[in-house]
Amino acid sequence: MTPLPDFFDSPVHLPFNSTCLDGFALAAPDRDPGPPDGLWLILRGNELLLREENSASRLPAGPCPVTAGKHPPLFVGTWQGRPLRVLGMSREAEIPDGFFFESLLASEPRMDIAQLSLGGLAGKILHWEKNSRYCSRCGETTERLPGEWGRKCRGCGYHHYPHIHPCVIVIVRRAGEVLLTRKAEWPPNRYSLVAGFLDFGECLEEAVAREVLEETGIRVANVRYIGSQSWPFPSQLMAGFVADYAGGEVRVQLSELEDARWFRLDALPALPPKRSIARYLIDRFCL
Ligand SMILES: [Zn+2]
């Protein structure tokens with residue numbers, strides 16, 4: 001197994017982005033060429049099923065190694081020329097002999113960057129499948145549109161397409177210091193960046209300024225876009241920014257955060273894993 005990189009020269013190369021899928025070609029689920037060949041992305045929550053072979057983690061291959069649950073496997077495209085199918089398992093499902101589940105959120109996952117990114121893709125797809133069975137306009141069931149990931153309502157005919165939610169994440173700087181925040185549920189002493197979802201009518205830069213002000217009481221200026229990362233927990237696009245301090249004293253929004261404060265660049269707390277755009281921004285602008 002190749003461990004995840006310690007350094008990313010561009011946000012494009014962060015895990016979960018298509019660049020890391022290493023030869024994956026997305027296809028519509030009704031284009032399945034049929035068994036028996038193929039590889040499996042089998043998820044139990046945020047955990048991916050893998051098997052160990054010669055000290056390397058591999059995706060299951062050949063016949064499906066588990067009993068399909070309520071929903072049948074779903075063809076999602078080809079990876080390195082082989083059909084790739086996704087299957088969601090219940091959290092109580094047993095692990096077949098010779099396999100193990102590994103969390104996509106593990107700090108040092110036993111999988112390489114392509115497997116991690118494919119696991120994330122499977123998570124986004126299963127999230128869409130789960131949340132698109134019924135029409136949000138009239139409540140009827142939906143059916144797949146031929147050759148697409150979209151679905152059509154059997155009642156009102158409305159076409160639904162996968163929901164990917166835009167979020168902003170920002171590193172705010174002032175002389176020798178960086179603004180970091182922490183949520184109560186994070187590991188002890190871990191801090192990260194201000195982040196949040198867009199509101200109606202906002203452009204990304206406006207969302208950055210509002211989120212920083214709401215969460216920390218700090219005003220920012222000179223908001224600049226750096227790059228983005230697909231984020232499959234469950235279905236976001238994280239747009240990363242850097243901004244400069246423009247005024248205000250830290251006032252923590254306690255409904256969202258446990259803490260927010262300025263850290264000196266030579267005395268940073270525990271930080272998010274390197275696979276995230278949060279850490280990419282911190283490493284790029286603080287080190
Ligand atoms: Zn409908």
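Side-chain atoms are counted along with the backbone in the values below, which use heavy atoms only and exclude waters and symmetry mates.
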**Study point:** Hphob cluster co-occupancy, Val172 + Ile282, side-chain heavy atoms under 4.5 angstrom
**Key:** no
Exercise for review: Look at the side-chain heavy atoms of Ile, Leu, Val, Met, Phe, Trp and Tyr, link any pair under 4.5 Å apart, and say whether Phe233 and Leu271 land in one connected group.
Suggested key: yes
Other residues, nucleotides and ligands only: do more than 12 of their heavy atoms fall within 6.0 Å of [atom1] on [X]?
{"X": "Lys152", "atom1": "NZ", "answer": "no"}
{"X": "Asp97", "atom1": "CG", "answer": "no"}
{"X": "Arg219", "atom1": "CZ", "answer": "no"}
{"X": "Glu53", "atom1": "CD", "answer": "yes"}

**Study point:** Gap between atom CG of Leu43 and atom CG of Leu48 - 0.5 Å precision
**Key:** 5.5 Å
Check your understanding: Distance from Gln229 atom CD to Leu237 atom CG, nearest 0.5 Å?
Key -> 9.0 Å
**Study point:** Side-chain touch Leu193/Val170, heavy atoms, less than 4.5 angstrom
**Key:** no
Point to revise | Side chain proximity check, Leu121 to Val86, heavy atoms < 4.5 angstrom | key: no
Using a strict threshold of under 4.0 Å (side-chain N to carboxylate O), is an ion pair present between [Y] and [X]?
{"X": "Glu129", "Y": "Arg151", "answer": "yes"}
{"X": "Asp6", "Y": "Lys274", "answer": "no"}
{"X": "Arg144", "Y": "Asp30", "answer": "no"}

Point to revise | Residue list, side chain to side chain donor-acceptor pair (under 3.5 Å) with Arg190, at least two apart or on another chain | key: none
Review point. For Glu102, what residues pass the side chain to side chain donor-acceptor pair (under 3.5 Å) criterion, not counting sequence neighbours?
Key: Arg110
Review point. So which heavy atom on Thr142 is nearest to which on Tyr134, and how close?
Key: CG2-C, 3.8 Å
Check your understanding: Under the 3.5 angstrom rule, does the side chain of Arg224 hit a backbone N or O of Asn222 as a donor-acceptor pair?
Key -> yes
Check your understanding: Do Arg279 side-chain atoms and Pro272 backbone N/O form a donor-acceptor pair below 3.5 Å?
Key -> yes
**Study point:** ring pair (Phe, Tyr, Trp, His ring centres under 6.0 Å): pairs with one or both residues in residues 174-204, sequence neighbours excluded
**Key:** Tyr191-Phe263
